[in-house]
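Everything below concerns the one structure shown next.
In listed order, ligands and their atoms are each counted from 1.
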Amino acid sequence: MTTNANQVHALETAALIKKAQETLVANDLGGYTVPTHGLYPFQWNWDSAITALGWKHFDEPRAWQEIEVLFDGQWDNGMVPHILFHQDSTTYFPGPDIWGSDKRVKSTSISQPPVVATVMKDMLETADNKVLAVEKVKSLFSSLVDYHLWWYKERDPLKTGLVVSYHPWESGMDNSPAWDEALHDVPCVDWEYERRDLGHVNSAQRPHKSEYDRFLFLVDFFKKHKFDSEIIFNECPYKVNDVGIISILHRGSKDILALGETLGIEDARLNVIAQRIALTESAINTLWCPDAEYFYCRNVLTDTLCKVRTSAGMLTVFANLADEKQTDILNSKAKQWNEASKFCMASTHPEESRYEPQRYWRGPIWLHINWMIALGFEAEGFQETADKLRNDCRALVDLSGYYEYFNPETGEGCGGKDFSWTAAIALHWLL
Ligand code: GLC
């Protein structure tokens with residue numbers, strides 16, 4: 001770049017940093033950050049963890065508070081729910097009444113990808129205020145271990161090495177085509193309801209009614225069985241090994257062990273986590289499809305792989321679950337995937353027949369997923385792939401700002417605007 005171009009770039013960067021910080025501040029409801037006003041008016045699990053990564057760049061105490069408030073909603077059995085309904089709102093459906101929440105902090109009865117451990121490790125390692133960071137990690141550590149043990153005990157009681165997910169919303173990739181077959185086997189609810197998402201976002205970017213009917217059937221099912229783990233494990237009509245959750249959980253578990261070691265924490269439960277890590281490592285290849293040379297999710301109830309290439313499979317690199325040869329293959333695939341659209345990695349491969357560039361999780365780009373994938377490739381020495389993802393993501397925010405997600409062909413921002421995790425990833429990774 002010439003000196004002038006450099007100056008313009010620096011000015012743009014400064015403006016983007018300011019805008020990202022303002023976005024988080026505007027979405028702050030006092031201790032927790034909503035993903036965006038209106039569409040998502042509560043605290044979401046993995047959004048909060050990612051958002052803390054943004055806060056830490058300009059307000060470390062506030063970043064730790066985000067995590068503390070998230071754990072404040074933890075259930076006695078260790079689960080950290082996918083949504084905490086700290087206050088009422090009329091702009092979101094389904095709310096706490098539909099979920100049948102009976103906890104002190106009202107919540108949903110499922111979780112979300114547990115990226116919080118990895119975030120906490122990053123926050124400790126990069127903290128300016130080390131004393132504060134050490135104090136916070138120490139006070140949250142036991143709850144964090146409880147959360148991971150909840151995943152293993154409740155979602156893999158048979159010790160297969162691969163946890164199951166009970167709802168597409170638990171994956172965080174709510175409407176991914178990977179869930180189509182499994183979801184199709186779930187009955188529809190037989191009551192009328194009014195969706196609120198369509199009042200905020202164009203229906204072409206959101207799930208169809210047939211999917212929503214089934215999402216709600218599952219919500220009812222958990223409530224009907226009073227969240228009883230055994231009954232739900234045995235009878236849930238939707239059970240999927242989500243390679244995204246499995247990878248994020250695995251990486252997080254290794255980060256917990258590392259945190260424990262750094263801080264000299266002795267806790268016998270860490271041995272259980274270490275055993276589960278080994279189990280997952282021995283089981284992951286059952287999700288590898290040799291024909292496609294890709295990691296897929298699996299419908300556990302039919303024991304079939306969900307054969308559609310979604311970005312979740314790339315998270316095995318982030319988790320270091322892919323072996324050297326697989327990582328090499330995934331790197332070539334990532335290059336080809338990136339070239340198949342104008343901007344970085346689309347959530348569904350553009351050559352898949354179910355790819356839709358604008359519809360929720362069926363094609364659009366999410367920045368935090370690209371960040372995790374880039375981290376994975378970078379750690380494995382594939383710097384060029386990591387740089388390509390980062391540069392493309394930067395181009396997206398330059399073009400469209402902090403939308404919830406982006407059209408991989410045009411770069412257009414879609415979904416909610418002034419979105420917390422997009423602003424946070426920009427602060428943390430892009431700027
Ligand atoms: C949608 C996304 C989910 C996210 C939530 C709040 O439901 O699919 O991943 O956590 O919005 O942003």
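- Taking any N or O of Trp421, backbone or side chain, none lies under 3.5 Å from an N or O belonging to ligand 1.
- Nearest to atom 2 (C) of ligand 1 by heavy atom, out of Trp366, Tyr405, Tyr360, Trp44, is Tyr360.
- Between His349 and Tyr355, the distance from one ring center to the other does not fall under 6.0 angstrom.
- The cationic atom of Lys239 (NZ for Lys, CZ for Arg) lies less than 6.0 Å from the six-membered ring centre of Phe233 and within 45° of the ring axis.
- Within the 4.0 Å heavy-atom shell around ligand 1 one finds Phe419.
- Looking only at side-chain heavy atoms (C-beta outward), Trp337 and Met314 come within less than 4.5 Å of each other.
- Evaluation of the side chain to side chain donor-acceptor pair (under 3.5 Å) rule for Tyr166 yields no partner, not counting sequence neighbours.
- For the residues Pro207, Gly172, Ser176, the heavy atom positioned nearest atom 3 (C) of ligand 1 is part of Gly172.
- Residue contact annotation: His82 has no non-hydrogen atom under 4.0 Å from ligand 1.
- The protein atom (non-hydrogen) at minimum distance from atom 4 (C) of ligand 1 is Asp47 OD1, 3.4 Å.
- Cation-pi geometry between Arg206 and Tyr360 is satisfied (NZ or CZ under 6.0 Å from the ring centre, within 45° of the ring normal).
- Numbered from 1 in the order shown, with element, the atoms of ligand 1 that lie under 4.0 Å from a heavy atom of Pro35 read 6 (C), 12 (O).
- More than 12 heavy atoms of other residues, nucleotides or ligands shown are found within 6.0 angstrom of CD on Glu351.
- Checked against the 6.0 Å centroid threshold, Phe222 and Trp169 do not count as a close aromatic pair.
- What sits closest to atom 7 (O) of ligand 1 on the protein, heavy atoms only, is Asp174 OD2, 2.7 Å.
- Per-residue contacts place Gln112 under 4.0 angstrom from the following atoms of ligand 1 (heavy atoms of the residue considered): 3 (C), 4 (C), 9 (O), 10 (O).
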